[in-house]
Structures are given as structure tokens and as C-alpha cells.
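These notes are about the structure you will find just below.
The analysis underlying the following values was restricted to heavy atoms, covering all of them including side chains, and did not include hydrogens, waters or symmetry mates.
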Amino acid sequence: MSYLKGLECKQCGTRYPADRSFVCLECFGPLEVRYDYSKIQSDLNPKIISQREENLWRYRELLPVTGEPITGFHSGYTPLVRSRRLAEHLGVKELYLKDDSVNHPSLSYKDRVVPVALSRGAELGYSVLSCASTGNLANAVAAHCAQAGFPCLLFIPQDIEAAKISGSLICKPKVVAMEGNYDDVNRLCAEIGDHYGWGFVNVNLRPYYTEGAKTMGYEIAEQLGWRLPDHLILPTAGGTLLPKVARAFHELTELGWAQGKCKIYSAQAEGCAPVVRALLQGLDHIVPEKPRTLAKSIAIGNPADGIYVLQEVRKSGGWGATASDGEILEAIELLAETEGIFTEPAGGTTLAATIKLLQEKRINPEESIVVAITGNGYKTLDVFESQFEVDVTLRPNLKVFREWFEAQERLAPVETPA
Ligand SMILES: *Cc1c(COP(=O)(O)O)cnc(C)c1O
Ligand SMILES: [Zn+2]
């Protein structure tokens, strides 16, 4: 039974069948999936969902596949961590961390979008999967294609973090590094996709791919007991995640499954903040930027869906904030010190932006707040350069240790075990 009705242009509303179309022939606007919500309403409810397996396919009627999905059976349903120490530090009452840094199997939010693009791409008869990526997306495409035995070819800018390149290569895809930044790579990929007929998850499969991002919204609501948080802070790169989480909240509200109203905020790095700058300046369009930030996973200067981020943030009553590279690194450390979660610069950006929004009194500290942690810090150790040094290296000898330890002030007083 299929709940997928077709595609519709986000700009002018022209309808298309749910095939390989991805751009409106009338106005070049992006296409979005349509569903049969009355059928979903009658066949599904929160109780049924709650009894299903803890992965993103528990919401499958709201995702654009008609047959059996092929990967993602352990992706999504990541922890919504109730923060105690960070909340205390920030002086807020109810703080949660949506932790996609442990998403399976490639440790970022991209493990939500790729299983949907791959499953739908296979249904549409694509025989090669591909993407333009700042690293995490390539990792997810490589991993899910490895699991499915699906041929794949990845395009990345040459200067991304070493661990992100290795994380893809280990799955044995073909990887093409390009001179230039993500925006250059992406532009070329649109042409390559046209020419070879490959399924580029974030180009010609984009209408389906982006739907996978809704699952973060469904999960947050479900994990809060089918309630929307008062405030949600999300990082913005190409602009997929934020509008799709907004869509998820809208769907849940319309279906009558979730209560509440959520203000949504966009976080970007100061060195690449085309969307947040447009928000702050009250513009209705995005002015592309040349990225200059260590937050490479979100360094997209010309975001495909930036305009929809603007619209959804404004509709929700939210706002935006930027973070400098220094603030991003501090926030990464703060999160690890207080919650034990090691995130990459995208997560640091989001937390740093949250701190600013609290300082600017844009967010009420008495209300519920969810901060999205979208990627894992083990992939971006490079950003700390030589900062990770052990306190001391000693000969393995008790006397030597005691001499050193007893001269330390920082660690005292320590209770001696009985
Ligand atoms: C891709 C990505 C994002 C957000 O990207 P959008 O293109 O705006 O959806 C955020 N954080 C990380 C770690 C990412 O890899
Ligand atoms: Zn159109």
C-alpha cells in the first residue's frame, strides 16, 4: 500500500509524478513529495509507531518509498539526551541534546537522508549512487552503498578533514577529489548527473533524499512524549535539515499526533553564514559567500534550500545566530566537559549559537530547548591541532607517580578509597 502521491513544485505548485523529476519544468523550483495524509491518518497513529523498531523506518508511511527499504535498519532513533550539567551551566531549565553524533553507521545526521535516497533511487532504477559532499554525506553514501552492495561514486572538495576522506575510502567507493570548494563540486555534479544518468542523492534524488531529514523532527516529538519543544536550534549548511524538521512538526500537528509550537533557529559559522545574515538583515534572498571557517561540514556558501530556511525560521517565530571559529571550538569543549559528547564543528556551531541566543534573550531559559548535535568530533580531530596533550608522561612507578600527583593542586582534594 502506497502513501506516496507524487511531487509538487515548492514555488508554483505544479504537480509531477513521483519519478525521476527533481526540478519544476515551469519555474525551475525544487520539487517536494506529496502524501496521502488521509490514508496515513486512518492507518497509522503514535501508538502503532511506538511499537515499531527503533530506526527511521518506524515513520515509513511518511517517507517516499513504495516497496521495502534496503538500508537504514539501525539508522535514526538517536538519543535525545536530557542535559543536567550543561543546562545548569547555561542556566536553563529544560535542555535536550538530539545526538546524531552516534547515528549508525557513519556518525552524522546524513545517516537519515541516505537510506531514503538509496531505497527510492533503487526503486526508480538508478544503478549508480553518487553525491557532492563536504564529507559526512560521502561517508553515509559510502557506508549505506557498501551495506546494500550498490555501486557508488563520491565527489568531494580536496581540502576536507582527513578522517572524513578515510571514512569513505574504507568502504571502497570511487572517490573523486576536486580542486575548489563544495559549491564548485556541486555545480559540476549537476552536469555529471545529467550526462551519465546517475542518482545523485542531493541533486536529482533531492526531493526524496530531503524527506529523510524529517525523521529528526518526528523523533524529537516522539521522544518528548509527542510534544514539540518550545525552541529547537539546528545547524544550516545546504538548508535541507531545518525546513524538513519544520515540515515534520507541521505534519505531526496536522495529523493531530503532537502538541505544542516550536520556534526554530538556524546556526551558522561566522565564516559562512549566508542564511543567518539574510535573517538578521531582513532579506528575502540569500547572498552567496565564499566560505572561510573550520566548520567544513556546514561550509556551503550558496545553499540550495537557504531560502526555505529563511521562510521556516520566520514562520516559526525563531531567529538565527553565528559563531566564530574560536566560539565553535569552545562550545565543542564545553559540550564534552559537561555531557561527555564529542561533536564536530557543526555541533559546536549549534551550541555556540544557542548560547548567543540565550544571551540575547531570544530564547526564554524557563522553556524547553533542544539543541541538535549533527556530527561526531572523532572525524574532525584536525581542528584542535596540537591542543590535545596529556598532563604528564611518567615511568610506571608508584613513587614517581606520587611525586608528581602530590605536587598537583588542580586535582586535590581527592578522597582516598577506603
Ligand atoms: C550536512 C550537515 C548539516 C546540515 O546540513 P543541511 O545541508 O543544512 O541539511 C549539519 N551538520 C552536519 C554535521 C552535516 O554533515
Ligand atoms: Zn514550479
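- In this structure, N186 contributes its side chain and Y182 its backbone to no donor-acceptor pair below 3.5 Å.
- Judged by a 6.0 Å distance limit and a 45° cone about the ring axis, K214 is not positioned over the six-membered ring of Y59.
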Task: From CA spacing to verdict: side chain to side chain donor-acceptor pair (under 3.5 Å), T293, D325 - done: CA-CA 6 Å; T293 169; D325 284 359; 2.9 Å; yes

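- By the 30° and 60° cut-offs, the orientation of the rings of H231 relative to Y265 is tilted.
- Using a 4.0 Å cut-off between a side-chain N of Lys or Arg and a carboxylate O of Asp or Glu, E88 and K93 do not qualify as a salt bridge.
- A donor-acceptor pair under 3.5 Å is formed between the side chain of S130 and the backbone N or O of L153.
- With hydrogens and angles ignored, the 3.5 Å screen pairs no side-chain donor or acceptor of D305 with any backbone N or O of Y308.
- Between S101 and I341 there is a side-chain heavy-atom pair separated by less than 4.5 Å.
- Taking each heavy atom of S316 and K261 in turn, the nearest pair found is O-NZ, 3.7 Å.
- Separation of the Y35 and Y3 ring centroids does not fall under the 6.0 Å cut-off.
- With hydrogens and angles left out, the side-chain atoms of Q311 and D284 include no donor and acceptor closer than 3.5 Å.
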Task: Criterion side chain to side chain contact (heavy atoms under 4.5 Å, CB included) on R20 and Y126, from CA distance to verdict - done: CA-CA 9 Å; R20 292 189 180 198; Y126 284 104; 3.3 Å; yes

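- With N103 contributing its side chain and G76 its backbone, the two residues share a donor-acceptor pair below 3.5 Å.
- Judged by a 6.0 Å distance limit and a 45° cone about the ring axis, R58 is positioned over the six-membered ring of Y77.
- When atom types are taken as modelled, the side chain of S119 and the backbone of V116 share no donor-acceptor pair closer than 3.5 angstrom.
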Task: Full working for salt bridge (Lys or Arg N to Asp or Glu O under 4.0 Å) between E161 and K296 - done: CA-CA 8 Å; E161 301 92 344; K296 292 181 185 167; 5.5 Å; no

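- Between F384 and F388, the two ring planes are tilted [angle within 30° to 60°].
- Residues I298 and A346 share a closest heavy-atom pair of CG2-CB, 3.9 Å.
- Aromatic pair Y208/F22: centroids not less than 6.0 angstrom apart.
- Remark: side-chain polar atoms of D36 are not paired, donor with acceptor, to backbone N or O of S2 under 3.5 angstrom.
- Side-chain N or O atoms of Q268 include one that pairs as donor or acceptor with a backbone N or O of V276 at under 3.5 Å.
- Looking only at distances, a side-chain donor or acceptor of D111 sits under 3.5 Å from a matching main-chain atom of S106.
- Using a distance-only test at 3.5 Å, with no hydrogens or angles considered, no donor-acceptor pair links the side chain of T380 to the main chain of D382.
- The main-chain N or O of E191 is never found under 3.5 Å from a side-chain atom of D194 such that the two would form a donor-acceptor pair.
- A cation-pi geometry, defined here as NZ or CZ lying under 6.0 Å from the six-membered ring centre and within 45° of its normal, does not hold between R206 and F200.
- A 4.5 Å side-chain heavy-atom check between L280 and T322 finds every atom pair outside the cut-off.
- Aromatic ring pairs are classed by plane angle as parallel below 30°, tilted from 30° to 60° and perpendicular above 60°; the pair F401 and W404 is tilted.
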TODO: For side chain to side chain donor-acceptor pair (under 3.5 Å), just list the numbers for T78 and R112, CA-CA rounded to whole Å, side-chain angles, deciding distance to a tenth of an Å, and then say yes or no.
DONE: CA-CA 10 Å; T78 56; R112 301 178 178 281; 3.2 Å; yes

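- Side-chain contact between P115 and T71 is present, with at least one heavy-atom pair separated by less than 4.5 Å.
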